[in-house]
Structure formats: structure tokens, C-alpha cells
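Notes follow the structure.
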Amino acid sequence: QVQLVESGGGLVQPGGSLSLSCAASGSILSIRAMGWYRQAPGKERDLVATITFSGTTNYADFVKGRFTISRDNAANTVYLQMNSLKPEDTAVYYCQADAKSTLDRRWRSDYWGQGTQVTVSS
């Protein structure tokens with residue numbers, strides 16, 4: 001199985017910055033994409049940004065120009081640099097992977113981390 005662990009969440013003031021990290025481990029055969037999603041109380045889980053192995057990125061409209069996703073393929077790690085944070089960015093942020101494990105060689109996109117809380121407040 002593939003395990004994902006997020007880190008870097010916390011409290012930040014509006015207009016401030018925060019960086020998140022997510023490291024994948026376990027029985028990894030290959031990872032072709034990783035991403036970040038977020039979920040606020042009472043709302044659906046929304047895509048924030050994704051990045052492929054080759055570096056192609058995709059961003060939700062509400063974070064374009066403010067957030068940057070990056071990755072270190074050798075370390076099986078994805079990052080999210082968040083700038084100009086707004087109170088509406090407050091949510092639990094989840095790391096996601098599109099990957100194959102050594103025991104299940106099918107591509108699966110339902111690998112998730114446990115989430116890290118990001119709170120934007122003065």
C-alpha cells in the first residue's frame with residue numbers, strides 16, 4: 001500500500017504565507033501524479049492543485065497566482081507554497097496520489113493522506 005503524510009499546516013494571518021509538504025512511502029511501484037485538495041466544514045472536498053511526474057501543473061481558479069505546487073520525484077514528495085492567504089482558504093488540506101503499488105499494479109487515484117489543518121485568521 002501507499003501511505004501519504006502531510007505536514008506544515010497551522011495558523012497564519014491573512015496575507016501571510018504557509019508551506020505544506022507531503023511524503024509518500026510504502027510499497028510504491030510508480031507515481032504519475034500528486035495533488036492537493038481541501039475541505040472546509042460543511043463543504044465538498046475541492047481540488048486545489050495537481051502536478052504530474054513530468055511537471056505539468058493544474059490549479060483551481062481560486063488559487064491561481066497565489067499558490068504554487070512543486071514536487072521532488074526522487075523523494076516521492078509534493079509541496080504546496082501558499083501566499084496571499086485569505087480567511088476563505090481555511091480548510092483541512094489533503095495530499096493525494098495517482099500511483100501503483102507493488103502488490104496492486106493498477107493505477108489508483110484514491111491514495112490519501114490524513115490531512116493537515118490550515119487556519120487563516122487575524
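No experiment lies behind these values; they were computed from the predicted model shown.
Put simply, the side chain of M82 reaches to within 4.5 Å of the side chain of Y93, judged on heavy atoms. Between I31 and N76 the shortest side-chain heavy-atom distance falls below 4.5 Å. Counting heavy atoms from C-beta outward, N83 and F67 have side chains that stay 4.5 Å or more apart. Between L20 and T116 there is a side-chain heavy-atom pair separated by less than 4.5 Å.
For the ring-ring contact (aromatic ring centres under 6.0 Å, His included) condition, the pairs that include at least one residue of residues 2-60, sequence neighbours left out, are Y37-W112.
Nearest heavy-atom pair across L4 and A24 is CD2-CB, 3.4 Å. A pairwise comparison of heavy atoms in G35 and I69 identifies CA-CD1, 4.3 Å as the closest pair. Of all heavy-atom pairs between S101 and V2, the closest is CB-CG2, 4.3 Å. Shortest non-hydrogen contact noted between S30 and W107 is OG-CH2, 3.6 Å. Nearest heavy atom pair, residue S70 against residue V78, reads O-CG2, 3.2 Å. Between A40 and A91, the shortest heavy-atom distance links the atoms N-CB, 3.9 Å.
Between the side chains of S54 and T52, a donor-acceptor pair is found at a separation under 3.5 Å.
The number of heavy atoms from other shown groups lying within 6.0 Å of CD (Q13) does not exceed 12. Open room surrounds CD on Q114; 12 or fewer heavy atoms of other groups in view lie less than 6.0 Å from it. With a 6.0 Å radius and a threshold of 12 heavy atoms from other residues, nucleotides or ligands, E44 has its CD atom at or below the threshold.
Figure legend: cation-pi geometry between R71 and Y79 absent, as NZ or CZ is not positioned both under 6.0 Å from the six-membered ring centre and within 45° of its axis.
Shown here are the side-chain contact (heavy atoms from CB on, under 4.5 Å) partners of A23, two or more places apart in sequence or in another chain: T77.
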Next item on the list: List the steps and the verdict of side chain to side chain contact (heavy atoms under 4.5 Å, CB included) for V48 and L80.
Entry: CA-CA 9 Å; V48 175; L80 186 68; 4.2 Å; yes
Next item on the list: Begin from the C-alpha positions of V5 and C22 and carry the test side chain to side chain contact (heavy atoms under 4.5 Å, CB included) through to its verdict.
Entry: CA-CA 5 Å; V5 179; C22 173; over 6 Å; no
Notebook entry, point to check: Run the side chain to side chain contact (heavy atoms under 4.5 Å, CB included) check on Q1 and S27 step by step: do they pass?
Noted result: CA-CA 5 Å; Q1 189 58 244; S27 303; over 6 Å; no
Checklist line | side chain to side chain contact (heavy atoms under 4.5 Å, CB included) between L85 and L18, worked out | finding: CA-CA 8 Å; L85 284 162; L18 200 63; 3.9 Å; yes
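The pair D89-K86 does not meet the salt-bridge criterion, since no charged nitrogen lies less than 4.0 angstrom from a carboxylate oxygen. The pair R32-D98 meets the salt-bridge criterion, with a side-chain N (NZ, NE, NH1 or NH2) lying under 4.0 Å from an Asp/Glu carboxylate O. Using a cut-off of 4.0 Å between Lys/Arg side-chain N and Asp/Glu carboxylate O, R108 and D104 are scored as salt-bridged.
Looking at E6, its side chain does come within 3.5 Å of a backbone N or O of C95 through a donor-acceptor pair. No donor-acceptor distance shorter than 3.5 angstrom exists from the side chain of R45 to the backbone of Q39, with no hydrogens or angles considered. Checked by atom type and distance alone, the side chain of T68 never pairs as donor or acceptor with a backbone atom of Q81 at under 3.5 Å.
Rounding to the nearest 0.5 angstrom, the gap separating the CZ atom in R106 from the CG atom in L29 is 13.5 Å. Note that CG of L47 and CD of Q96 are 8.0 Å apart. Values are rounded to the nearest 0.5 Å.
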